[in-house]
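Working notes, structure below.
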6 protein chains.
Amino acid sequence: MSLYRTADQIKTMQIRGAGTIARAAAEALSEHAKSLDAPDIAAWKSEMQTAARVLLDTRPTAVSLPNAIHVVMQSMENAKTIPEARGAVKIAASSFISSSRNAVAEIGKIGARYIRDGFVVLTHCNSQAALACLLTAKEDGRDFRVIATEVRPWWQGHKTIQTLHDAGIPTDLIVDSAVRFFIKEVDLVIVGADAIAVNGTVTNKIGTGQIALVAHESRVRFIVAAESYKFAPETIHGKETLVEERDPGEVLSPGIRARLPSVRVRNPVFDQTPPGYIDLILTEFGAISPHMAYAIMRDHPGWQIQG
Amino acid sequence: MSLYRTADQIKTMQIRGAGTIARAAAEALSEHAKSLDAPDIAAWKSEMQTAARVLLDTRPTAVSLPNAIHVVMQSMENAKTIPEARGAVKIAASSFISSSRNAVAEIGKIGARYIRDGFVVLTHCNSQAALACLLTAKEDGRDFRVIATEVRPWWQGHKTIQTLHDAGIPTDLIVDSAVRFFIKEVDLVIVGADAIAVNGTVTNKIGTGQIALVAHESRVRFIVAAESYKFAPETIHGKETLVEERDPGEVLSPGIRARLPSVRVRNPVFDQTPPGYIDLILTEFGAISPHMAYAIMRDHPGWQIQG
Amino acid sequence: MSLYRTADQIKTMQIRGAGTIARAAAEALSEHAKSLDAPDIAAWKSEMQTAARVLLDTRPTAVSLPNAIHVVMQSMENAKTIPEARGAVKIAASSFISSSRNAVAEIGKIGARYIRDGFVVLTHCNSQAALACLLTAKEDGRDFRVIATEVRPWWQGHKTIQTLHDAGIPTDLIVDSAVRFFIKEVDLVIVGADAIAVNGTVTNKIGTGQIALVAHESRVRFIVAAESYKFAPETIHGKETLVEERDPGEVLSPGIRARLPSVRVRNPVFDQTPPGYIDLILTEFGAISPHMAYAIMRDHPGWQIQG
Amino acid sequence: MSLYRTADQIKTMQIRGAGTIARAAAEALSEHAKSLDAPDIAAWKSEMQTAARVLLDTRPTAVSLPNAIHVVMQSMENAKTIPEARGAVKIAASSFISSSRNAVAEIGKIGARYIRDGFVVLTHCNSQAALACLLTAKEDGRDFRVIATEVRPWWQGHKTIQTLHDAGIPTDLIVDSAVRFFIKEVDLVIVGADAIAVNGTVTNKIGTGQIALVAHESRVRFIVAAESYKFAPETIHGKETLVEERDPGEVLSPGIRARLPSVRVRNPVFDQTPPGYIDLILTEFGAISPHMAYAIMRDHPGWQIQG
Amino acid sequence: MSLYRTADQIKTMQIRGAGTIARAAAEALSEHAKSLDAPDIAAWKSEMQTAARVLLDTRPTAVSLPNAIHVVMQSMENAKTIPEARGAVKIAASSFISSSRNAVAEIGKIGARYIRDGFVVLTHCNSQAALACLLTAKEDGRDFRVIATEVRPWWQGHKTIQTLHDAGIPTDLIVDSAVRFFIKEVDLVIVGADAIAVNGTVTNKIGTGQIALVAHESRVRFIVAAESYKFAPETIHGKETLVEERDPGEVLSPGIRARLPSVRVRNPVFDQTPPGYIDLILTEFGAISPHMAYAIMRDHPGWQIQG
Amino acid sequence: MSLYRTADQIKTMQIRGAGTIARAAAEALSEHAKSLDAPDIAAWKSEMQTAARVLLDTRPTAVSLPNAIHVVMQSMENAKTIPEARGAVKIAASSFISSSRNAVAEIGKIGARYIRDGFVVLTHCNSQAALACLLTAKEDGRDFRVIATEVRPWWQGHKTIQTLHDAGIPTDLIVDSAVRFFIKEVDLVIVGADAIAVNGTVTNKIGTGQIALVAHESRVRFIVAAESYKFAPETIHGKETLVEERDPGEVLSPGIRARLPSVRVRNPVFDQTPPGYIDLILTEFGAISPHMAYAIMRDHPGWQIQG
């Protein structure tokens with residue numbers, strides 16, 4: 001699959017989820033490098049930069065995308081020849097992909113320990129890291145139930161219940177509005193993250209902030225599962241995470257919109273959860289307080305250069 | 001339309017909204033009385049009781065339904081002949097219907113005064129009393145904008161944006177999950193009610209409690225528009241308002257459900273908002289603190305007998 | 001039993017519990033009237049006043065005591081002869097006692113409706129009105145569990161678990177400090193009251209305010225069961241309910257105290273719960289918002305004269 | 001005293017308090033090593049492991065116990081002969097004991113500075129580190145008063161008031177339930193800790209969480225005094241601190257329990273205080289925000305291996 | 001003094017304070033009636049209406065002004081002759097003035113009971129009703145201290161400290177910003193009110209809402225002293241209390257303003273305190289929960305007609 | 001200007017603002033060193049110590065003063081001759097001054113990024129670091145409005161509006177009491193700091209804590225701009241930041257004070273804001289969570305020695 005097709009699939013959300021996007025971008029760069037030719041190494045690098053930019057411009061919010069691209073692109077920096085650069089990109093991409101997968105697995109192991117027999121765990125959207133916690137807990141023999149939301153407008157909840165069903169985990173599906181109704185039954189909320197700011201603010205799927213508030217009101221634990229490349233070191237320097245607003249057509253059909261010209265659809269994809277509503281962030285390096293986000297950024301400096 | 005058909009349409013939500021249901025039930029009893037015959041007045045009354053029971057059993061939560069039926073049925077109590085009873089039922093039903101319509105209009109006038117030029121007002125679901133406030137404010141020349149939610153699973157928000165569009169009120173449509181994202185733009189939330197308990201707890205469309213919490217977190221005013229027959233005097237005696245759970249098919253198609261046997265859909269239609277999150281309840285008798293719900297019940301004793 | 005002995009037993013807490021004290025005082029006045037003689041009706045009344053004062057001085061906090069005495073004493077006001085006065089006192093006392101018992105029974109019926117199958121209900125101290133809710137729910141066939149606290153320093157919790165055991169209600173006993181540990185299991189807290197102020201502040205057994213705060217933090221319902229003679233109308237006029245501090249010997253033995261002269265024991269018997277932490281107050285006239293306490297005082301004016 | 005006797009005394013709480021337990025275990029291992037013999041070093045080490053396991057199994061919650069045992073056991077790892085191992089264990093044990101004592105003294109110095117003339121300081125249970133703050137403040141000439149709780153079911157408050165009395169610090173003793181009643185008089189709360197999780201959650205004597213909540217409600221400072229070996233690095237990896245439930249006989253006598261078969265005693269020894277209610281944690285390395293617990297764990301890696 | 005001069009003095013705040021304004025307006029109408037002549041009673045009444053309008057237009061917020069004018073104007077309604085009308089106005093004005101003074105005195109008696117020996121009471125602005133509580137407590141022999149704010153921009157605090165000094169009450173003066181710094185020393189806050197809405201929202205001097213929030217954060221009691229003519233029954237019908245913005249010259253001198261054209265002064269005179277931050281409202285009819293404001297409006301219907 | 005004159009100007013607040021004071025002190029020491037002579041290097045150093053002490057004693061709260069003095073004084077430690085010491089002091093002072101200025105500029109760049117087009121930003125007092133954010137945002141072309149408080153008793157707000165006016169930033173001036181009235185219009189609060197404790201507590205101009213609370217109540221972001229020498233490492237060791245109380249004459253004229261002997265003026269210059277109300281602290285090393293204050297202290301150890 002060409003890099004441009006990958007970019008398009010990211011843009012149209014055929015490829016989605018912060019980790020999946022990051023790995024697809026790394027893979028696309030690696031593939032692109034394989035076939036790309038150019039008169040000299042400088043020209044080659046410049047074409048790679050152009051390609052990287054195409055990927056970068058697909059989605060503005062999830063920080064895993066620039067983090068992945070950065071890691072891959074940085075690898076070719078000192079290459080003197082095209083084959084050397086190609087090799088470096090290939091290694092960097094495959095190393096990012098495998099360490100990203102390992103991170104999810106590691107988080108799954110840590111998160112599974114918070115799920116006890118008899119628990120009810122609520123999740124929102126379709127986070128691989130959050131699901132890893134649930135699936136690992138099931139593999140570890142834990143007996144629990146999940147409540148999953150629908151997740152308008154993209155119905156990611158339907159993917160989630162499919163995964164949980166396949167793993168044999170009993171699951172309740174509810175509309176997004178019903179979280180406060182059911183929260184008294186819930187022992188633990190686990191969600192993923194698209195970007196984590198220096199002060200622990202978590203940007204994640206629209207609705208997450210509301211759920212965190214509801215959990216806080218009823219003193220229910222709220223845990224975020226996030227690989228370290230979800231941390232956004234540029235927030236140290238004041239660059240805030242932008243929230244993408246997508247096409248109104250995802251929410252309301254063109255037909256109805258045409259009939260109702262004074263109605264505007266607003267379709268933000270993410271929202272922000274303050275650190276005060278988060279008990280723990282689970283990373284592949286362990287569980288931390290959300291207020292310690294800066295420590296992850298500083299101790300794992302690979303991601304910090306673009307700040 | 002026969003009473004049984006009305007009952008069926010209420011049950012299947014073709015007829016919906018607490019006030020509309022109440023008026024439809026009053027109308028159905030009146031029509032039923034018109035054509036009903038029986039050997040004697042006792043038998044006639046007994047048949048009417050049976051018919052009333054059919055209507056009562058359609059929906060368990062909205063208190064306007066039993067309140068309306070009670071008012072109509074009580075009117076025939078002292079009737080000695082069938083024609084006398086028919087007449088009484090007819091008068092009581094039409095009086096209930098008109099006073100119900102007046103109540104909505106009166107609330108509209110009161111509520112409109114809380115909407116100032118430049119305001120952004122958020123509403124949830126499709127409450128006639130809440131819409132009356134918006135429409136009256138528009139008629140009064142106020143210049144404001146509305147944010148309306150989709151309202152899964154029944155998409156009542158689509159009805160709401162149609163009404164607002166027809167009235168020329170600029171409106172934003174958002175998914176139910178996005179309320180916390182937009183709340184900083186909002187000056188006022190207005191919603192309706194299906195039942196109000198003696199301590200001011202408001203039962204309304206699923207999602208309302210979440211919105212009230214979000215408004216409270218950001219110190220945004222939250223107002224409930226509710227005709228007096230939404231107050232549930234039986235809560236004085238400890239009978240709590242039950243929350244109806246409806247068919248899973250409203251949330252997830254039978255096809256998907258068949259494929260995912262370990263997934264259960266939970267579909268509560270309403271939730272509960274505590275009085276501490278409500279600034280005002282608007283009734284046709286004026287605005288009150290939610291904590292004064294008991295005063296409305298006591299001062300307007302028509303509804304209190306079934307307690 | 002002489003009035004002086006009753007007074008002594010109230011003072012030493014052999015007779016305890018706000019309702020029991022009130023009824024014992026009414027009974028003691030009635031008995032006292034029976035045997036009391038005097039040269040004339042004025043002298044007789046004056047002796048009764050002295051006797052009433054003895055009872056009044058036994059405990060300073062629970063408002064049921066002055067309310068009961070007031071009702072009984074007021075009855076003899078217009079009596080012209082000693083026999084007439086005796087008769088009036090007897091009737092008033094027995095009427096107070098029976099209406100007090102009825103009030104407890106009525107509250108039991110209302111409160112029982114809030115207890116659903118599967119519930120865990122927490123109670124503190126040994127309130128007859130609160131227990132009536134539990135016992136009635138059991139009689140009504142409800143299947144639930146109770147968590148009871150020890151209630152230092154007087155171990156009233158031991159009386160409570162005896163009563164619950166006798167009724168066949170499964171019960172957990174915990175130390176007073178453990179309420180926050182178990183609150184996530186709790187669906188409902190029900191306690192009694194010694195005095196209720198005009199703004200809904202509830203004075204009850206030491207520890208109640210802490211439990212209410214804990215319930216509020218976890219969004220667990222908190223209900224107060226209180227007969228109408230627990231309302232303190234003198235708070236309308238600014239007279240606050242005093243909290244009795246009792247003998248240090250109830251908390252620490254004289255032996256240890258003698259050894260530790262720089263240690264002072266402080267032993268307040270009651271504390272105060274603000275209305276914001278209370279969902280409902282159950283009276284024999286129905287459930288109300290705590291903020292409506294004034295309405296009970298005004299609508300049931302029997303208790304208001306001593307303000 | 002044999003290691004088995006120490007283990008027994010820890011189990012039965014004759015030896016109690018997280019620091020005391022830790023030092024007793026280190027001492028017991030050192031003594032055990034002195035007399036223990038075996039055919040060869042491998043067998044000797046294996047016997048030591050068995051002995052360590054006996055100590056470890058005595059109490060499940062306080063993390064100082066495994067931390068101490070870990071430090072002592074790790075010292076013998078590279079020993080080639082039994083005498084060498086014995087020597088290493090002896091040095092490690094005595095070094096742990098003295099650095100533990102120094103930690104308490106150091107915390108005392110830091111904590112004393114937060115106590116000003118005229119202050120009222122509330123403490124709960126019988127923490128050596130918390131008491132060190134009070135005793136040092138007294139030695140520094142500060143003039144203040146303490147409020148101490150009883151601490152059911154083990155009455156550790158009685159030990160505390162003895163210590164404070166001996167130091168000449170004026171002290172009030174109150175029942176555990178009375179904290180909210182007195183909190184308005186309090187300037188500062190200081191308590192100890194049995195285990196501190198990576199996100200700053202403090203596990204301490206049952207009742208601590210309730211007191212922290214009460215202090216938070218009234219904006220009273222809440223400080224935890226905790227030597228660094230109270231930090232539980234295994235929480236980084238998702239292993240949560242278990243709360244021990246002890247024998248019902250500690251709460252209710254066997255006689256009463258026999259008479260009340262439907263009554264169950266629940267006797268958790270600890271509870272958990274969230275970091276949001278804690279102003280500072282005082283360690284021997286200085287005062288920190290509870291959210292910085294991870295930094296202590298990382299900077300003082302001695303304790304981290306068993307994660 | 002002519003009615004126009006009174007109006008001018010109210011407008012320029014030479015006459016200020018909600019009660020003082022109300023009494024001055026009543027007096028001015030009475031004086032105006034005395035000297036006013038007209039061809040016939042209809043013309044006379046019409047001139048009086050004009051005069052009343054002049055007074056009404058002076059200040060928009062304090063509801064005591066329209067309430068007083070309404071009471072006086074209503075008295076002449078049925079008068080058939082000018083002398084009769086004059087007499088009615090005179091009686092109504094003097095009756096309003098004396099009952100207003102009595103209301104302040106009565107509130108003083110009630111409020112004084114909340115002030116105990118050793119208390120520190122904070123007040124803001126220069127409310128006669130709030131001061132009456134302090135002065136009465138002093139007369140009753142209570143030993144307490146007051147903290148008074150400066151009250152920018154009009155320095156009403158300087159008037160307050162003069163009054164307190166004259167009464168021999170020890171007083172601390174602080175800047176408006178320092179309330180949170182001193183709140184831990186405070187036992188009680190007492191302020192006045194300019195208008196009270198149906199749901200208990202209190203409109204009072206700018207800064208009051210901030211102080212109420214600060215008191216709430218530290219669990220310090222907050223009491224509002226307000227004569228019943230401060231209640232605004234028109235809020236039942238949705239007419240909100242407007243907050244007056246006054247001349248920038250009160251905040252910044254014309255000289256500086258001329259030099260800084262891009263600086264705008266905003267000078268709102270009042271703000272709003274939500275009922276959730278108010279423990280009690282003291283009226284001449286007794287203390288009530290702020291949520292009961294509607295009950296005062298309904299039970300004392302004199303003020304309700306203009307709704 | 002002599003060191004003594006600088007000291008005097010700091011004391012009388014002719015020189016004010018934490019950064020300005022720090023730089024003036026460094027400059028004064030440098031100048032003092034230039035002209036100071038002594039028999040030998042030991043005597044010279046001792047005279048310098050005396051001079052440093054004079055500066056240190058001028059103001060007790062702002063930690064930048066001792067931090068600056070410490071840095072300058074430490075530089076001469078190893079000097080063997082007077083000229084060598086003079087040189088070292090000169091370099092250290094000028095290096096402190098320039099890095100202090102750079103810090104302000106760097107913070108300005110970071111903070112400016114948080115200010116978006118259309119924003120309303122509230123500031124209190126006259127912090128150079130906070131102003132740098134506003135001025136840089138303006139230079140970056142951002143279109144926003146500022147609300148500035150007056151800042152009693154020193155009217156620092158007047159300096160602030162002058163600066164903002166000169167930069168062409170539209171600004172509203174309000175009294176300190178009006179913050180809660182306007183907070184709903186505010187998108188962001190930015191203030192400076194005089195001292196930051198190890199747990200993130202910020203000591204700043206009186207009124208700051210109140211504003212932070214108000215912002216928190218309405219979920220408005222609250223940011224502190226603070227150069228790293230505002231962090232107080234001695235708080236690690238329990239030495240709390242003292243709040244200076246200044247002369248009553250700053251608040252009330254001697255004339256009025258003489259007339260009102262029972263009135264006492266209390267004039268604290270600073271107050272404390274807890275970390276829970278602060279979203280971010282901006283330092284020259286980037287934005288951090290307030291809970292990470294310890295990390296700044298540890299990573300930038302220059303300031304830590306005097307703890």
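So you know, we letter chains A, B, ... as the sequences are listed, proteins then strands, and number each from 1. These values consider heavy atoms only, across backbone and side chains, with no hydrogens, waters or symmetry-generated copies.
Close approach to chain E, defined as a heavy atom under 4.5 Å from one of its heavy atoms, is seen in B:Ile110, B:Arg113 of residues 101-113 of chain B, taken by number. Annotation: residues 196-206 of chain E contacts chain B through E:Val198, E:Asn199 [non-hydrogen atoms, separation under 4.5 Å].
In this structure, chain B has no heavy atom under 4.5 Å from any part of E:Ser289.
Residues forming a side chain to side chain contact (heavy atoms under 4.5 Å, CB included) with E:Leu56 (at least two apart in sequence, or on another chain): E:Arg53, E:Pro66, E:Ile69. With sequence neighbours excluded, the residues that form a side chain to side chain contact (heavy atoms under 4.5 Å, CB included) with B:Thr20 are B:Ile15, B:Arg23, B:Gln128.
B:Phe285 approaches E:Ile236 most closely through the heavy-atom pair O-CG2, 3.9 Å. When all heavy atoms of E:Arg298 and B:Ala295 are compared, the closest pair comes out as NH1-CB, 4.4 Å.
Here E:Met292 contributes atom CE and B:Met292 contributes atom CE; the two are 5.0 Å apart, rounded to the nearest 0.5 Å.
Side-chain contact check for E:Glu240 versus B:Arg116: some heavy-atom pair is nearer than 4.5 Å.
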